[in-house]
Amino acid sequence: MFRVALLRSARQAIRAAPRCQTPIARPVARSSLFQPKQITPAAYFQGVRCYSASVDLSKDEVQGRIMDLLKNFDKVQDTSKLTGDSHFHNDLGLDSLDTVEVVMAIEEEFSIEIPDKEADAIHSVKQAVDYILAQPDAH
Amino acid sequence: MARSGLQRDVLSLYRQCMRAVREKPAETRENFRSFARTGFRDHITVNKKDFSTIEYLLRKGRRQLEIYQDPGIRNISK
């Protein structure tokens with residue numbers, strides 16, 4: 001009597017298990033085709049994690065947003081010289097104080113905080129784009 | 001462009017000022033921004049070798065920043 005009940009519940013558990021596991025297991029099964037050796041518990045949960053996934057900014061989008069910001073900056077008079085490679089001082093005629101303001105505006109645009117040391121190293125549109133792309137929490 | 005320590009101090013103070021501007025109410029933020037801008041621009045002609053003047057201005061600027069940072073100050077004349 002007891003054995004029958006045990007067997008029956010075991011059979012039910014086996015039948016129920018794959019049903020609730022499929023949504024989780026599917027991505028893992030797919031990725032296991034490519035990298036069978038790297039399956040760890042952490043990778044197991046990545047399949048169902050979708051809320052806090054980092055937003056990947058494309059290079060074009062970052063560049064476009066920085067250029068828009070510079071276009072609206074009142075100290076940039078000659079917008080025709082504004083390209084993806086423009087240097088803040090040599091091409092756009094901004095001095096060091098203006099550069100600080102531009103970098104601060106970039107901070108606000110991408111909601112990050114750039115430490116002084118790194119902010120001092122940004123002198124061109126390209127450097128700014130590269131810096132933003134290297135920041136995981138920029139968005 | 002290599003910068004001297006003093007130059008970096010000036011830029012750092014400018015950055016601090018701009019950060020402080022962000023804490024001010026949105027409608028008066030521009031007044032604070034232009035106040036900080038002119039505070040620095042007025043002395044843009046100071047010779048970069050004139051250390052004592054620059055240091056004096058830095059001290060003065062820091063003290064002003066400290067005063068105007070107070071959240072009780074909500075507006076500033078242009």
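Proteins get letters first, then strands, A, B, ... in listed order; numbering begins at 1 in each.
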Stepwise side chain to side chain contact (heavy atoms under 4.5 Å, CB included) check, Arg15(B) with Asp120(A): CA-CA 11 Å; Arg15(B) 197 168 289 129; Asp120(A) 278 338; 3.2 Å; yes
Taking a hydrophobic cluster as the set of Ile, Leu, Val, Met, Phe, Trp and Tyr residues connected by side-chain heavy atoms closer than 4.5 Å, whether directly or through intermediates, do Tyr14(B) and Leu94(A) fall within one such cluster? no
Any chance NZ of Lys126(A) has more than 12 other-residue heavy atoms, nucleotides or ligands included, within less than 6.0 Å? no
Side chain proximity check, Met18(B) to Leu97(A), heavy atoms < 4.5 angstrom: no
Shared ILVMFWY cluster between Leu13(B) and Phe32(B), side chains joined below 4.5 angstrom? no
Charged N to carboxylate O under 4.0 angstrom, Arg37(B) versus Asp74(A)? yes
Same apolar cluster: Val102(A) and Val100(A), side chain cutoff 4.5 Å: no
Cluster question for you: counting only ILVMFWY and a side-chain heavy-atom cut-off of under 4.5 Å, with indirect links fine, are Ile114(A) and Leu11(B) together? no
Looking only at heavy atoms, the pair that brings Met104(A) and Arg22(B) closest together is O-NH2, 3.1 Å
Interatomic spacing from CD in Gln16(B) to CG in Asp116(A) - rounded to 0.5 Å: 7.5 Å
